[in-house]
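Per chain, numbering begins at 1; letters A, B, ... match sequence-line order.
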2 protein chains.
Amino acid sequence: MSKEELKRVSDTKTAKLVKKGETIFGEGEKLNGVYCVRDGVSKLSKLSPNGKDQIVKLATKGALLGQRSVITEEVANLSAIAVNDMQVCFVPKDAIIDSLNNNPNFAVEVLRHIAHDLKEADDVIVNMSQKTVRQRIAEAFIYLEENFGTDRNGYLALTLSREDIANVVGTATESAIRIISNFKKLGLIKTNGKKVAIADRKALYDVVKGC
Amino acid sequence: MSKEELKRVSDTKTAKLVKKGETIFGEGEKLNGVYCVRDGVSKLSKLSPNGKDQIVKLATKGALLGQRSVITEEVANLSAIAVNDMQVCFVPKDAIIDSLNNNPNFAVEVLRHIAHDLKEADDVIVNMSQKTVRQRIAEAFIYLEENFGTDRNGYLALTLSREDIANVVGTATESAIRIISNFKKLGLIKTNGKKVAIADRKALYDVVKGC
DNA sequence: TTAAAAACATGATAATTGTCAGTTTTCCCT
DNA sequence: AGGGAAAACTGACAATTATCATGTTTTTAA
């Protein structure tokens, strides 16, 4: 099965609706397939021993959830939870494993994809350890705009709770709130309820760079 | 070419000596092959915009350096620098690409390997963002013991400079030194020059867990 | 619609970590 | 072996971030 075939297979499946806040799979769960995101956004997070969730990445349309665990035949390392209403479809493990073993193109495509994910993860490690919370929050807004876009009024298309933002950048919710308020006060962003719009992109970049 | 064949090919190559401190390849460099570690340890690091190096991982015997970049045909994302004297051999890019395209087993083996690296990277992200510097340093010593072992006197077989330890856990060198001194004072470790031995494993685990 | 729950917000304070400015020790090199 | 450089160390202080306490607003669900 090639990637295209896999896509075709998944396209024939009726997508399942996953409501905001629902868990697709949990950390430590044995997966018997991969979930393909048709619509909506999922957070992939891990509970750290101190009881806080760290969001490792956000997955959107086209992403495959649980792919890594199925490949290594391990239990899920992360939880996948819907950030908003989602449509996902399920591709059973056997179909994946079969394709991997029988279709070199498929294996190489998946390999390239995972290799790219690994690069991104390495970059996140550097960001997490070398940037301040303030820099990371500024970067998070830029990331959200670049990857999920904005609505017609300029607000980030993906609205995260303050707690989720804190869990993305790895800080306390209160700290995130304070910094967001401060960005607003400085005119770097504007807010409408929990919706956020970037108001001064250049100044926000300066924060990321530590100016 | 199967993994075994690749191993055979690389075995026929005369390993090149890389001295402690020498660079195998630098961030941003175009790689025309992969370096296989025969002996010694390499640090894989990335310079963050603030001018500090973050060590993303340590690679030892059997590891392939630059593998990820060759697969995605991108420029190197990390620098590889010898932590002690090393022996490495070089496998040209073409051999890798050929095998990937023609031998499904090889592609799947590499895929599994990279998938495992990705899991580890995700775990590092969680550690970096949710643990204190103190916890991370305690964890680093345990990691070093588990992965590189000890000499006959119980000292960690891999000796890192204080600066390298700081760069592994993502903190200032002075902070690392202070915490290491404190561990010594509390009897969690003993030191002999820059060599470190774990003296109270249980207490060190308690530090990691935040007790 | 309204009560309860969750999310947001802010202040006060403590804890952690970074920075700067030195001194001492160790390591190398010729 | 001796001189110079790098690494290790220490103190004082500043900056960042976490924690706790509490009040307000928004969301959710019966």
Side-chain angles (χ1 to χ4, degrees), chain A residues 19-22 43 48-54 81-85 127-140 159-185 189-196 207-208 210-211, chain B residues 19-22 43 48-54 81 83-85 127-140 155 159-185 189-196 207-208 210-211:
Chain A
K19 285 204 173 166
K20 176 177 174 175
E22 282 181 1
K43 55 181 175 182
S48 88
N50 68 14
K52 283 191 192 158
D53 254 333
Q54 175 65 34
I81 299 176
V83 169
N84 43 34
D85 289 352
N127 274 333
M128 285 297 185
S129 31
Q130 300 289 350
K131 291 188 176 150
T132 65
V133 171
R134 189 180 172 83
Q135 288 176 302
R136 276 153 30 211
I137 291 183
E139 200 163 42
T159 299
L160 293 178
S161 69
R162 303 294 194 252
E163 186 181 8
D164 278 344
I165 294 175
N167 290 347
V168 165
V169 304
T171 191
T173 305
E174 298 96 319
S175 298
I177 289 174
R178 257 183 259 274
I179 290 171
I180 292 169
S181 303
N182 178 254
F183 283 174
K184 188 178 173 181
K185 194 166 66 182
I189 60 173
K190 32 176 212 165
T191 65
N192 181 352
K194 55 179 54 175
K195 287 194 294 182
V196 173
V207 171
V208 174
C211 307
Chain B
K19 286 205 173 166
K20 176 177 175 175
E22 282 181 1
K43 55 181 176 184
S48 89
N50 67 15
K52 282 191 194 160
D53 254 333
Q54 175 65 34
I81 299 176
V83 169
N84 43 34
D85 289 351
N127 275 331
M128 284 297 186
S129 33
Q130 299 290 349
K131 291 189 177 151
T132 65
V133 172
R134 189 180 173 81
Q135 287 175 302
R136 274 149 37 208
I137 291 184
E139 200 163 43
Y155 288 98
T159 300
L160 293 178
S161 69
R162 301 294 194 252
E163 187 180 9
D164 278 343
I165 294 175
N167 290 347
V168 166
V169 303
T171 190
T173 305
E174 299 94 319
S175 299
I177 288 174
R178 258 183 259 275
I179 290 171
I180 293 169
S181 301
N182 179 254
F183 283 174
K184 188 177 172 181
K185 194 164 68 183
I189 59 173
K190 29 176 215 167
T191 65
N192 180 352
K194 56 180 53 174
K195 287 194 296 184
V196 172
V207 171
V208 173
C211 307

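In this structure, the CD1 atom of B:Ile137 is 13 Å from the C1' atom of C:dG18, given to the nearest Å. When rounded to the nearest whole Å, the span between NZ of A:Lys195 and C1' of D:dT26 equals 15 Å.
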At a cut-off of 3.5 Å, list every protein nitrogen or oxygen paired with a nitrogen or oxygen from nucleotides 15-18 of chain D, distance to 0.1 Å.
{"residue": "D:dT17", "atom": "OP1", "partner": "A:Val133", "partner atom": "N", "Å": "2.6"}
{"residue": "D:dA18", "atom": "OP1", "partner": "A:Thr171", "partner atom": "OG1", "Å": "3.4"}
{"residue": "D:dA18", "atom": "OP2", "partner": "A:Thr171", "partner atom": "OG1", "Å": "2.3"}
{"residue": "D:dA18", "atom": "OP2", "partner": "A:Ala172", "partner atom": "N", "Å": "3.4"}
{"residue": "D:dA18", "atom": "OP2", "partner": "A:Ser175", "partner atom": "OG", "Å": "2.9"}

Which protein N or O atoms sit under 3.5 Å from an N or O of nucleotides 7-9 of chain D?
{"residue": "D:dA7", "atom": "O3'", "partner": "B:Lys194", "partner atom": "NZ", "Å": "3.3"}
{"residue": "D:dA8", "atom": "OP1", "partner": "B:Arg162", "partner atom": "N", "Å": "3.3"}
{"residue": "D:dA8", "atom": "OP1", "partner": "B:Lys194", "partner atom": "NZ", "Å": "3.2"}
{"residue": "D:dA8", "atom": "OP2", "partner": "B:Arg162", "partner atom": "N", "Å": "3.1"}
{"residue": "D:dC9", "atom": "OP2", "partner": "B:Arg162", "partner atom": "NE", "Å": "2.7"}
{"residue": "D:dC9", "atom": "OP2", "partner": "B:Arg162", "partner atom": "NH2", "Å": "3.2"}

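Of the possible polar contacts, none joining the A:Asn167 side chain to the A:Lys52 backbone as a donor-acceptor pair under 3.5 Å is found. Judged by distance alone, with hydrogens and angles left aside, the side-chain atoms of B:Thr132 form a donor-acceptor pair with the main-chain N or O of B:Gln135 at under 3.5 Å. A donor-acceptor pair under 3.5 Å links the side-chain atoms of A:Arg136 to the main chain of A:Lys131, judged by distance alone. Within the 3.5 Å criterion, the main-chain N or O of B:Ile177 finds a donor-acceptor partner in the side chain of B:Ser181. Side-chain atoms of A:Asp85 do not come within 3.5 Å of backbone N or O of A:Lys19 as any donor-acceptor pair. Side-chain atoms of B:Thr191 do not come within 3.5 Å of backbone N or O of B:Lys194 as any donor-acceptor pair.
Shortest non-hydrogen contact noted between B:Val168 and B:Gln54 is O-NE2, 3.1 Å.
The line from CD1 of A:Ile137 to CG of A:Asn182 is 10.0 Å long, rounded to the nearest 0.5 Å.
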